[in-house]
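Here is how names work: the chains are called A, B, and so on, in the same order as the sequence lines, proteins then strands, and each is numbered from 1.
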2 protein chains.
Amino acid sequence: MDNNSLFHNFVVFTTSFHRVTHEFTKDAKADVISQIQYKILEYIAVSQPVTPSDVNDCMNMSMPNTSRELKKLSEKSLIEKIHDKDDRRKQYIRLSKEGQAMMNESFAIIESRFLERIQDFPKEDLDDIEHAIHILQTKLFNE
Amino acid sequence: MDNNSLFHNFVVFTTSFHRVTHEFTKDAKADVISQIQYKILEYIAVSQPVTPSDVNDCMNMSMPNTSRELKKLSEKSLIEKIHDKDDRRKQYIRLSKEGQAMMNESFAIIESRFLERIQDFPKEDLDDIEHAIHILQTKLFNE
DNA sequence: CCTCTTAGTTATGATTCGATAACTAAATAG
DNA sequence: CTATTTAGTTATCGAATCATAACTAAGAGG
């Protein structure tokens, strides 16, 4: 197989991946937040604590817009901002108790759909899948 | 490894996947279309011909909004609508020549970035990656 | 026929989001 | 001590998007 067909497979894979993860995450978001806000919370949940600049880079937004969205999340008491003691320009963001609870609910829905999908898989398929994820993670997606 | 840690790895994988594919697709979109319009064209490109209802389901939009976006794309001559002969309520959507050309350009940018990323990988890593994609595609993402 | 359902359209008002400019406050470098 | 850089905020405007209601037009069932 040459690199062009590898790319082609990657594109097909990408499409399937989006379709399936979309299936998993459909309606898992609480109604009180927007799609972007959910994405930000998801990122914070996985990577906390993060700085506004981190969110900014990762979400590919401009700082003013990041700041505004974080402010909205803060006003909804879903996140907490803590100023750095050493560099008082910086701040660290974490999920609040409510924010954590909300994301736990979302993750629980997603997890149950994921587990439902793999529930009848034989052990060796699960091992293959785990190994495949590990390979892509370390070889293609590492920094 | 139990299924819960498999799910956890899957979530981490999902995050990395989004980060990297975003890196690939960044600025690959032509300026004359919006982000959503690009997503719709991408979907049509991979799955054509599609119906407005297909787009609707896949993009998770409401029919009125789907209809409007498709109309915009049609006005920009990027897609073509063909009415079904048997059921004249239905219509099939394809990329027009211009639409196809535009998407080819985008895909070329994405492909070059993909190839750049894997260019120095040893052959056995590429084989591993290909195999991993194949495994996930057939075992986890099949219909 | 008449009714119901399906497929899609048009119109509209409310939000959300993105881009940009102008700003504060703190750290750092010369 | 001043100049510059870094981190983040506020304000504003236009464009994009969403949600809803009301609609047309065609097929399907009885």
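Atom CD in B:Gln35 sits about 8 Å away from atom P in D:dT17, given to the nearest Å. Spacing between atom CD1 of B:Ile36 and atom C1' of C:dT15 amounts to 14 Å, rounded to whole angstrom units. The nearest whole Å value for the distance from the CZ atom in B:Arg68 to the C1' atom in D:dA19 is 10 Å. Rounded to an integer number of Å, the gap from CG of A:Leu70 to C1' of D:dA7 is 13 Å. In this structure, CD of B:Glu69 is placed 7 Å from C1' of D:dT17, rounded to the nearest angstrom. Remark: P of D:dC18 and CG of B:Asn60 are 10 Å apart, rounded to the nearest angstrom. Distance, A:Asp86 CG to D:dA7 C1': 15 Å, rounded to whole Å. Residue B:Ile40 contributes atom CD1, which lies 15 Å from atom C1' of C:dG8 at whole-angstrom precision.
By the 4.5 Å heavy-atom criterion applied to side chains, B:His134 and A:Asn9 are not counted as neighbours. B:Phe107 places none of its side-chain heavy atoms less than 4.5 Å from the side chain of B:Phe114.
Phosphate proximity of D:dT9 to A:Lys81: present, with a side-chain N or O under 4.0 Å from OP1 or OP2. Applying the 4.0 Å criterion to OP1 and OP2 of C:dT6, one finds that B:Arg89 has every side-chain N and O outside that range. Under 4.0 angstrom from either OP1 or OP2 of D:dT9 there lies no side-chain N or O belonging to A:Lys71. Here B:Gln91 reaches the OP1 or OP2 of C:dT9: one of its side-chain N or O atoms lies under 4.0 Å away. B:Ser62 has no side-chain polar atom (N or O) that falls below the 4.0 Å cut-off from OP1 or OP2 of D:dT20. Note on A:Ser53: every side-chain N or O is 4.0 Å or more away from OP1 and OP2 of D:dT6.
Among the protein residues, B:Thr66 comes within range of no part of the nucleic acid, since none of its heavy atoms lies under 4.0 Å from any strand.
Taking every side-chain heavy atom of A:Asn65 into account, C:dG18 is the closest of C:dG18, D:dT17, D:dA7. Side-chain proximity of A:Ser34 to the nucleotides C:dT9, D:dT9, C:dC17 is greatest for C:dC17. Relative to the side chain of B:Pro64, the nucleotides D:dT9, C:dA11, D:dT17 differ in distance, and C:dA11 lies closest. Nearest to the side chain of A:Lys72, among D:dA21, C:dT16, D:dC18, sits C:dT16.
Using a 4.0 Å cut-off between charged side-chain N and carboxylate O, A:Lys39 and A:Glu42 make a salt bridge.
With A:Ser106 contributing its side chain and A:Ala28 its backbone, the two residues share a donor-acceptor pair below 3.5 Å. Between the side chain of B:Ser74 and the main chain of B:Leu70, no donor-acceptor pair closer than 3.5 Å is present.
Contact annotation: side chain of B:Asp87 to base of C:dA7, donor-acceptor pair absent below 3.5 Å. Between the base of D:dG8 and the side chain of A:Arg88 there is no donor-acceptor pair shorter than 3.5 Å.
With DNA chain D read from its 5' end, the first of the two nearest nucleotides for B:Gln37 and A:Tyr92 is the one closest to A:Tyr92. Comparing A:Met61 and B:Lys90 by the nucleotide of DNA chain C that holds the closest heavy atom to each, the one mapping nearer the 5' end is B:Lys90.
B:Gln137 and A:Ser16 form a side-chain donor-acceptor contact under 3.5 Å, judged by distance and modelled atom types alone.
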